[in-house]
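Since the structure comes first, as structure tokens, the remarks are kept for the end.
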Amino acid sequence: MWRRLRTLLALVGLCAVATCPTAQRSCTARTRAAEADGLLDYLADRVADRVASTGRVPPTAAELAPAVGCCEQGGQCQPDPAAWAAPGWRELAFTIDDPHRFRYAYLPDPSGLGATVRAIGDLACDGAPLQIELKLTVVGGKLVRARTRGAPP
């Protein structure tokens, strides 16, 4: 009986050791993706403020910033005020002043009744980028949000 229990415990221990790196990577990826979720929500709040006052989303697009990916900067994008100096980012009063792992874009619909805020990042710098988007739509004077995540097209 004791021999069987020891064997079972040894197998459970080996399984735990074998899955630890996988669990660690998964946890790290979720934690790093939370950055994008928080900043996209902040951007959506900025757009919602504009919708509340004008009924339309801000009209000026903000291209993907920073221009160079975070993996090319050692895994994290370093703070760069110049990256957020474009008119679209200034209109949204948006900058990132700390190291971060995603690049961001704001793409308004020409109708003024919708926009997309997007974050793209390769969290493990393994060539498998993650794209998180919030589709923003003005409905009845309010901003409706729809989040998607996956590989960029």
Side-chain angles (χ1 to χ4, degrees), residues 12 15-153:
V12 168
C15 288
V17 169
T19 59
C20 278
T22 301
Q24 176 71 24
R25 283 191 299 273
S26 176
C27 182
T28 300
R30 275 194 310 274
T31 301
R32 290 178 179 173
E35 167 204 308
D37 290 327
L39 288 175
L40 290 178
D41 285 335
Y42 176 79
L43 279 166
D45 291 344
R46 304 291 300 159
V47 173
D49 290 344
R50 177 64 77 84
V51 169
S53 64
T54 68
R56 299 203 173 280
V57 302
T60 309
E63 297 299 321
L64 199 59
V68 176
C70 299
C71 290
E72 286 80 16
Q73 298 182 46
Q76 281 190 328
C77 289
Q78 297 306 310
D80 179 10
W84 312 106
W89 293 123
R90 284 197 322 263
E91 187 173 2
L92 290 166
F94 183 78
T95 65
I96 301 177
D97 303 321
D98 295 314
H100 52 97
R101 296 186 180 276
F102 285 85
R103 300 165 69 203
Y104 296 87
Y106 170 74
L107 308 162
D109 185 87
S111 70
L113 299 176
T116 301
V117 288
R118 178 178 297 147
I120 299 174
D122 186 346
L123 299 177
C125 292
D126 61 359
L130 171 65
Q131 177 175 287
I132 303 172
E133 282 188 346
L134 273 179
K135 297 277 187 189
L136 309 173
T137 308
V138 179
V139 177
K142 304 267 189 215
L143 196 66
V144 177
R145 304 172 190 202
R147 187 179 313 267
T148 60
R149 61 177 65 232

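Heavy atoms only: backbone and side chains are in, while hydrogens, waters and symmetry mates are out. Counting begins at 1 with the first residue of the sequence.
Put simply, the side chain of Arg90 gets close to the backbone of Ala85: a donor and an acceptor are under 3.5 Å apart. Between the side chain of Arg101 and the main chain of Gly75, a donor-acceptor pair closer than 3.5 Å is present. With hydrogens and angles disregarded, no donor-acceptor distance shorter than 3.5 Å links the side chain of Asp109 to the backbone of Leu113. Remark: side-chain polar atoms of Thr54 are not paired, donor with acceptor, to backbone N or O of Val51 under 3.5 angstrom. In this structure a side-chain-to-backbone donor-acceptor pair under 3.5 Å is present from Gln73 to Gln78. Distance alone, capped at 3.5 Å, is enough to place a donor-acceptor pair between the Arg103 side chain and the Ala67 backbone.
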Go through the steps to decide whether Asp41 and Arg147 satisfy the test side chain to side chain contact (heavy atoms under 4.5 Å, CB included), and finish with yes or no.
CA-CA 10 Å; Asp41 285 335; Arg147 187 179 313 267; 2.5 Å; yes

Test side chain to side chain contact (heavy atoms under 4.5 Å, CB included) on Arg118 and Leu107; report intermediate values, then the result.
CA-CA 8 Å; Arg118 178 178 297 147; Leu107 308 162; 3.2 Å; yes

Residue pair Val138, Val57: steps toward the side chain to side chain contact (heavy atoms under 4.5 Å, CB included) verdict:
CA-CA 8 Å; Val138 179; Val57 302; 4.0 Å; yes

Might you work through the side chain to side chain contact (heavy atoms under 4.5 Å, CB included) test for Ile132 and Thr148, ending with a clear yes or no?
CA-CA 6 Å; Ile132 303 172; Thr148 60; over 6 Å; no

Report the C-alpha distance between Cys70 and Cys77 in whole Å, list the side-chain angles of each, state the deciding distance to 0.1 Å, and finish with yes or no for disulfide bond (SG atoms under 2.5 Å apart).
CA-CA 4 Å; Cys70 299; Cys77 289; 2.0 Å; yes

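Taking Asp80 as the reference, nothing meets the side-chain hydrogen bond (donor to acceptor under 3.5 Å, both in side chains) condition, with sequence neighbours excluded.
The aromatic rings of Phe94 and Trp89 lie tilted to each other, with the angle between the two planes from 30° to 60°.
The OG1 atom of Thr116 sits 10.5 Å away from the CG atom of Leu40 when rounded to the nearest 0.5 Å.
Two residues are said to be in side-chain contact when any heavy atoms from C-beta on lie closer than 4.5 Å; Asp37 and Arg149 meet this criterion. Looking at Val144 and Leu136, their side chains never come closer than 4.5 Å, going by heavy atoms from C-beta outward. Considering only heavy atoms from C-beta on, Ile120 stays 4.5 Å or farther from Phe102 through its side chain. When side chains are defined from C-beta on, Leu123 counts as touching Leu130, because their heavy atoms get closer than 4.5 Å. Residues Pro58 and Leu92 form a side-chain contact, since some pair of their non-hydrogen atoms from C-beta on lies under 4.5 Å apart. In this structure, Asp45 and Arg145 have side chains that are in contact, with non-hydrogen atoms separated by less than 4.5 Å.
For the residue pair Gln131 and Ala151, the shortest heavy atom distance occurs at CB-C, 4.4 Å. Pro129 and Gly127 make their closest contact through CD-O, 3.3 Å (heavy atoms, listed as atom of the first residue, atom of the second, distance). Minimum heavy-atom separation, Pro108 to Ala115: CA-CB, 3.7 Å. The two residues Tyr104 and Ala119 make their nearest non-hydrogen contact at CE2-CB, 3.5 Å. Of all the heavy atoms in Ala93 and Tyr42, the pair that sits closest is O-OH, 4.0 Å.
Donor-acceptor pairing under 3.5 Å is recorded for the side chains of Thr60 and Glu91.
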